[in-house]
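In what follows, every chain begins at residue 1, and chains take the letters A, B, ... in the order their sequences are listed. For the numbers below, each heavy atom of this structure counts, side chains included, while hydrogens, waters and symmetry mates do not.
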Number of protein chains: 2
Amino acid sequence: MKNLGILLSGRGSNFEAIAKHVGAGTIPNARLAVVISNQPDAGGLEIAKRLGLDALVISSKGKQREQHDREVVAALQQREVDLVCLAGYLRLLSPWFVQQFPRRILNIHPSLLPAFPGLEAQEQAFAYGVKVTGCTVHFVDEELDHGAIIVQKMVRVLDTDDEHTLAARILEQEHIAYSEAIGIVLADGYEIVGRRLVTKITAG
Amino acid sequence: MKNLGILLSGRGSNFEAIAKHVGAGTIPNARLAVVISNQPDAGGLEIAKRLGLDALVISSKGKQREQHDREVVAALQQREVDLVCLAGYLRLLSPWFVQQFPRRILNIHPSLLPAFPGLEAQEQAFAYGVKVTGCTVHFVDEELDHGAIIVQKMVRVLDTDDEHTLAARILEQEHIAYSEAIGIVLADGYEIVGRRLVTKITAG
């Protein structure tokens with residue numbers, strides 16, 4: 001059994017989708033060990049409690065990044081977390097944090113990276129006038145929205161879209177993509193070549 | 001009937017695909033008025049001649065950009081070209097050229113712009129490790145690979161791909177995308193909102 005640790009700051013809709021997939025057994029051998037929010041009022045905490053999960057507030061307010069990161073890492077290590085999943089966690093991780101979980105931190109981003117990194121990616125893509133966008137699950141490294149890509153899902157932009165309808169369809173794909181990516185990482189059947197993640201060919 | 005002018009520098013596989021679509025009547029009301037190469041030995045010229053088209057070499061060798069552009073624009077205007085299609089034309093157009101055909105110059109690029117602009121986009125995307133890439137047909141403006149997007153087609157990157165197999169599958173989509181974009185532009189049923197191309201809603 002592998003322990004997932006979720007970090008969030010808001011409503012946690014990606015966390016909720018992961019919890020459903022874990023519950024339905026579609027991410028094999030995974031359990032949700034802990035949900036940590038840096039915001040005391042994050043909606044995701046309520047969902048975690050309703051699901052009977054270990055839900056923790058480690059407030060970032062007034063703390064230096066590294067001090068806060070040390071508290072979060074301690075909580076994750078105490079629960080023997082194997083894989084950290086950022087799910088709307090509105091904090092940059094310090095390089096030190098990243099080094100504690102090498103290739104064991106995932107993030108999801110609502111665009112086809114490397115296009116539209118940073119905040120409000122859906123709005124950026126809509127305003128740019130792309131016809132195809134989507135979402136990306138990637139390993140977290142020390143650069144923003146940069147690590148090796150595990151899964152990308154495509155979403156067409158429709159003539160009838162506005163920023164909100166587009167973001168809603170991207171979110172549907174996020175909910176599928178994140179669990180798929182967790183499954184790939186936990187199954188450990190991949191290797192990283194350069195910065196490409198490729199499935200290992202296993203001899204039958 | 002609308003007159004298309006093709007500019008190319010190489011084998012002209014996108015030009016050949018456009019010619020097939022024009023021949024098959026899938027781009028209505030279009031005819032190929034002229035094919036111009038800046039390279040005397042471009043393979044695309046042979047295809048143009050085989051198809052009985054007006055095929056022209058306007059060599060760029062040893063010429064200033066604007067001087068060469070003036071010769072090309074004169075040839076296009078003489079043939080009353082309505083829409084200029086760059087099909088592997090390895091020259092940057094001068095701002096003056098672009099201004100002679102406002103929103104009447106198209107280009108195709110082998111990535112989902114704004115990701116991977118510039119040369120060897122397929123190789124860039126492969127090395128970055130994206131799982132989804134594709135091609136983009138866009139209006140040419142005064143910045144490289146930048147104008148409003150008309151059509152994008154998606155191509156999945158497979159574990160079994162190398163740069164060449166990926167580029168080949170992108171090229172298949174280019175051959176579909178370019179004619180689709182020409183059809184949209186010639187039908188004149190769109191408007192540009194900000195930099196988004198959207199289909200006009202026409203009252204029945």
Quiz item: What do you reckon, is CZ of A:R104 surrounded by more than 12 foreign heavy atoms closer than 6.0 Å?
Solution: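 Enclosed: over 12 neighbouring heavy atoms sit under 6.0 Å from CZ of A:R104.
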Practice problem: Name, in order of residue number, those residues of residues 131-159 of chain A that have a heavy atom at a distance of less than 4.5 Å from a heavy atom in chain B; otherwise write 'none'. | Solution: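 The list, in residue order, reads A:K131, A:V132, A:D145, A:H146, A:I149, A:I150, A:V151, A:Q152, A:M154, A:D159.
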Is any side-chain heavy atom of [X] less than 4.5 Å from a side-chain heavy atom of [Y]?
| X | Y | answer |
| --- | --- | --- |
| A:F15 | A:I6 | yes |
| B:L7 | B:F97 | yes |
| A:Q173 | A:I170 | no |
| B:I58 | B:L56 | yes |
| B:P114 | A:V130 | yes |

Practice problem: Indicate yes or no: does A:R50 engage A:E16 in a salt bridge with an N to O separation below 4.0 Å. | Solution: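 So A:R50 pairs with A:E16 through a salt bridge.
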Measuring heavy-atom distances to chain A, does [X] have an atom under 4.5 Å in its side chain, in its backbone, in both, or in neither?
| X | value |
| --- | --- |
| B:F116 | side chain |
| B:L197 | both |
| B:I192 | neither |
| B:A127 | backbone |

Self-check item: A:Q100 side-chain N/O to A:W96 backbone N/O, donor-acceptor pair under 3.5 Å
Solution: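 Present.
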Exercise. For B:S179 and B:H21, indicate whether the former's side chain and the latter's backbone hold a donor-acceptor pair under 3.5 Å.
Key: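 No; zero donor-acceptor contacts below 3.5 Å.
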Quiz item: Applying a criterion of heavy atom separation less than 4.5 Å, what residues of residues 63-91 of chain B form contacts with chain A?
Solution: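 Those residues of residues 63-91 of chain B which would need a heavy atom under 4.5 Å from chain A do not exist here.
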Quiz item: Can the positive tip of B:R195 be found less than 6.0 Å from the middle of the six-membered ring of A:Y128, inside 45° of the ring normal?
Solution: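 Yes, a cation-pi geometry.
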Quiz item: Hey, mind stepping through A:D161 and A:R169 against salt bridge (Lys or Arg N to Asp or Glu O under 4.0 Å) and telling me if it holds?
Solution: CA-CA 10 Å; A:D161 269 330; A:R169 287 209 313 292; 2.8 Å; yes
